[in-house]
Structures are given as C-alpha cells and as structure tokens.
Amino acid sequence: MIIKMFNFWYFFWLLLSAGAIVGLYFALRKASERTQKIVLFSILAVGFALNFLKVYIPPYSVDEARKLRDLWMNNICGANIFFFPFFFVMKNKKVKDYMFYIGIISGLIALFYPQEPLAKSNQLGEFWDIVRFYFHHWMLLAVPLLMVLLKLHTISYKRILVAPTGLLLLMLFIILNQIFQSELGYTPVRNGDMFDINHKNSSYIWGPGTNDAIGSFLAIFCPKFFKIIPVGQYAGQEKVWPWFWLIFPCYILVTPLAFGLSMIFDHANFVKDMKALKAKISEWNTQRKQKKVTAVALNEKVS
C-alpha cells in the first residue's frame with residue numbers, strides 16, 4: 001500500500017493542492033472583501049453541485065445502487081461538502097471555527113492519505129472521480145484556511161471545543177441520515193443487526209470496524225461501558241454503542257489538534273491570557289499570605 005501510495009501522482013496532487021492555495025491567496029489578498037467572499041463561496045458552490053453531478057461519471061454512472069446511495073451525505077467529508085456553503089454565509093463565529101478546524105483536519109488527512117483513489121482498481125476508467133475526490137477534499141481545506149488568512153474570520157482558541165462538539169453533531173446527522181436511507185430503501189437494512197459494524201460503517205459511526213488499525217486506535221480512548229450493550233436483545237454482549245463510542249475519542253483527539261491550529265493564528269491572545277491568569281494567581285497567593293500573617297498577628301495580640 002505504501003509503495004502504491006507514494007508515486008508520481010500522489011505528490012502531483014499534493015503539490016497542485018498546495019500551489020492552488022498559495023496562488024489563490026496572492027490573487028485575493030489585495031481584492032475587496034466582497035470579491036474574496038464571492039470567490040470562496042463559488043468554490044464551495046461548485047463542490048456542492050459536483051457532489052450531485054458525479055452521478056454522470058464512473059463508478060456512479062455504471063452502478064445504480066451506488067448512484068442513489070452516494071448522493072446522500074454518508075460520511076464526514078460528504079456532509080461537510082453539503083453544509084459548508086451554508087456555513088460560509090452564516091455570521092456565527094462558532095460555525096466558522098468549525099469550518100476551519102474540521103475542514104483543515106479532514107482535508108489534510110484525505111490529501112495525505114487518499115484512501116478512496118488508492119482503493120480504485122480501475123484508476124484510468126475512474127480518472128474523473130479521482131479529480132473530483134481531490135477537488136472536494138482540497139476545497140474543505142482551502143476555503144476555511146483562506147477565509148482566515150484573508151481575515152474574513154478570526155480564530156479564537158477559546159472556541160476550540162466547537163471542533164469535537166460540531167464533529168459529533170455532524171456524525172449524529174450521518175447516522176440518522178443512514179437510518180433514513182435504509183427506511184427509504186436506498187441502502188439495505190443492517191443485516192437484521194442494528195450493531196453490525198461491518199455493514200456500511202461510514203466514518204466509524206457504528207463502531208471501530210474489524211481488523212482496522214484506525215478504528216482500533218480510536219477504540220483505545222473509548223470507555224468500557226460504551227462497549228457493552230446494557231439492555232435489550234444484545235444485553236451483556238461486547239458491542240460498541242453506535243455514535244456514543246466516539247464521544248471520548250473525539251474530545252481527546254480532536255481538541256488538542258484544534259488547539260494546535262488555533263495557536264498558529266491566536267497565540268498572542270493565549271499568551272496574553274496566560275500572563276493575566278498568572279498575575280491573578282500571584283495576586284491571590286499574596287492576599288492569602290497577607291491574611292495568614294494578619295491572622296497570626298491577631299492571635300499573638302490576643303494571647
């Protein structure tokens with residue numbers, strides 16, 4: 001897999017992605033705010049449309065079942081591709097922070113470890129889908145990053161918890177969406193077992209998977225009580241709770257990543273706040289010592 005991944009095309013797409021971001025930054029840095037917003041929103045709008053237009057290219061155009069299934073937002077990046085254009089026009093700072101943190105994290109992971117293109121057996125026949133894959137995941141990284149670099153949005157380290165919280169809400173949407181798909185008949189019912197982690201387990205929402213290195217790593221941070229079914233048909237069995245099992249891994253792993261990203265743009269405020277906190281602690285310690293000295297003096301006077 002490693003040899004297959006590190007080839008000419010792997011580095012070509014990485015360099016092209018990085019070059020496109022740098023090129024857009026220099027092209028837009030002196031443009032008006034209105035122009036910057038129009039360009040960035042247009043990129044997101046193209047990605048939104050492309051998610052539906054992909055049914056006209058292989059492998060979707062030659063697989064009716066997949067065509068219907070994959071039009072839906074069935075994984076983290078797919079859902080973000082759908083929601084980002086709407087998030088971009090919102091004025092809510094937390095929503096914009098979510099775009100920045102999760103867009104950059106998921107975009108980088110997809111570009112540096114492009115599982116979908118690597119898994120394709122017919123690389124040439126599905127070339128346009130590979131182009132689509134890279135554009136979609138580049139878009140998730142590029143637009144939020146440029147949004148901050150161009151000062152259309154200001155990142156705050158105080159809001160880093162929107163990253164794991166927003167991601168969990170997104171995955172809750174995905175799991176409910178998948179159940180809805182099954183009810184409508186777009187995808188098969190989960191083989192009669194609601195907790196079957198080997199059936200359409202997008203983004204690990206149903207569990208860590210079988211013999212999956214990434215899923216097994218995430219499971220390390222999942223408490224034991226989320227790995228045992230408490231009631232019902234499967235009571236006592238070792239099966240993870242769908243979605244719930246990701247709560248601890250998300251907060252434990254995503255929060256420090258978001259904090260690290262926030263330090264690139266908001267380190268000055270963090271340092272300032274830490275100095276203020278240190279001063280308050282020092283002042284509190286001084287007051288406590290003074291009170292102690294005063295109390296001792298009063299005791300000596302009384303005695």
Side-chain angles (χ1 to χ4, degrees), residues 13-57 60 70-111 114 116 128-156 159-160 162-163 165-167 169-171 173-174 177 203 254 258 261-262 264-266:
W13 291 116
L14 282 181
L15 291 173
L16 181 63
S17 299
I21 293 174
V22 172
L24 272 172
Y25 171 73
F26 282 104
L28 293 173
R29 62 176 179 162
K30 293 183 179 180
S32 67
E33 181 178 317
R34 182 173 182 272
T35 298
Q36 293 171 347
K37 288 182 177 180
I38 289 174
V39 171
L40 295 184
F41 177 78
S42 296
I43 293 172
L44 295 175
V46 169
F48 179 89
L50 189 58
N51 185 62
F52 297 97
L53 293 174
K54 68 185 180 184
V55 297
Y56 295 106
I57 60 174
Y60 314 99
D70 289 353
L71 277 179
W72 297 61
M73 295 67 74
N74 56 9
N75 56 47
I76 292 172
C77 290
N80 281 331
I81 289 164
F82 180 84
F83 285 117
F84 268 25
F86 302 101
F87 290 168
F88 184 79
V89 298
M90 294 174 66
K91 295 182 179 180
N92 188 296
K93 292 181 179 180
K94 292 182 179 180
V95 168
K96 295 289 182 65
D97 277 5
Y98 167 82
M99 286 182 66
F100 176 79
Y101 294 127
I102 301 304
I104 288 180
I105 292 171
S106 60
L108 283 175
I109 291 173
L111 291 175
E116 191 175 324
W128 290 113
D129 190 52
I130 293 176
V131 174
R132 176 208 60 78
F133 170 89
Y134 277 101
F135 175 79
H136 269 151
H137 293 87
W138 169 82
M139 175 192 85
L140 295 177
L141 163 66
V143 172
L145 180 58
L146 288 168
M147 181 176 69
V148 172
L149 289 174
L150 295 170
K151 294 181 171 53
L152 297 175
H153 174 64
T154 302
I155 287 295
S156 171
R159 297 191 296 264
I160 58 172
V162 303
T165 304
L167 184 59
L169 289 174
L170 189 79
M171 288 193 286
F173 166 81
I174 293 170
N177 177 40
S203 304
V254 176
L261 287 172
S262 74
I264 299 173
F265 298 96
D266 198 34

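This is a predicted model, so every value here is computed, not measured. All values below were derived from every heavy atom in this structure, side-chain atoms included, with hydrogens, water molecules and symmetry-related copies excluded.
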Out of the candidates L261, L167, V254, only one should pair with Y101 under the side-chain contact (heavy atoms from CB on, under 4.5 Å) rule; please name it. L261
Could you pull out the closest heavy-atom pair between I21 and L146, with the gap in Å? O-CD2, 3.8 Å
Yes or no on side-chain contact (heavy atoms from CB on, under 4.5 Å) for V89 and F41, after CA distance, side-chain angles and deciding distance? CA-CA 8 Å; V89 298; F41 177 78; 3.8 Å; yes
Can you check whether N51 reaches F82 side chain to side chain, under 4.5 Å on heavy atoms? no
Nearest-0.5 Å distance, CG of residue N75 to OG of residue S203: 5.0 Å
Minimal heavy-atom distance between V143 and L40, with the atoms involved, is CG2-O, 3.9 Å
Start with the C-alpha gap between H136 and E116, add the side-chain angles, then the distance that decides, and say whether side-chain contact (heavy atoms from CB on, under 4.5 Å) holds. CA-CA 12 Å; H136 269 151; E116 191 175 324; over 6 Å; no
Would a 4.5 Å heavy-atom cut-off, applied to side chains only, mark W138 and W13 as touching? no
Scan side-chain atoms only and decide if D129 and Y134 contain a donor-acceptor pair under the 3.5 Å cut-off. no
Pairwise distance CZ(R159) to CZ(F100) - rounded to 0.5 angstrom: 11.5 Å
In this structure, CZ of F86 is separated from CE of M99 (nearest 0.5 Å) by 12.0 Å
Measuring from L152:CG to E33:CD, what's the distance to the nearest 0.5 Å? 5.5 Å
Determine whether the aromatic ring centres of F84 and F48 lie less than 6.0 Å apart. no
pair I43-F135: side-chain heavy atoms closer than 4.5 Å: yes
Say you draw a straight line from CE of M147 to OG1 of T154; how long is it, rounded to the nearest 0.5 Å? 10.0 Å
Decide yes or no on side-chain contact (heavy atoms from CB on, under 4.5 Å) for D97 and H153, but give the supporting numbers first. CA-CA 8 Å; D97 277 5; H153 174 64; 2.5 Å; yes
For L111 and L14, work out which heavy atoms get closest and say how close. O-CD2, 3.5 Å
Closest heavy-atom pair, L44 versus P85, reported as atoms and distance to 0.1 Å, is O-CG, 3.7 Å
Other residues, nucleotides, ligands: >12 heavy atoms within 6.0 Å of F52 CZ: yes
Do H137 and C77 come close enough that some side-chain heavy atom pair is under 4.5 Å? yes
Run the numbers on N92 and Y98 for side chain to side chain donor-acceptor pair (under 3.5 Å), then give the verdict. CA-CA 10 Å; N92 188 296; Y98 167 82; over 6 Å; no
Could you give the distance from CH2 (W128) to CG (L50), rounded to the nearest 0.5 Å? 11.0 Å
What one should report as the nearest heavy-atom pair of G107 and L141 is CA-CB, 4.2 Å
Heavy atoms of T35 and S32 approach each other most closely as OG1-OG, 2.9 Å
K96 to F88, cation-pi by 6.0 Å centre distance and 45° axis angle: yes
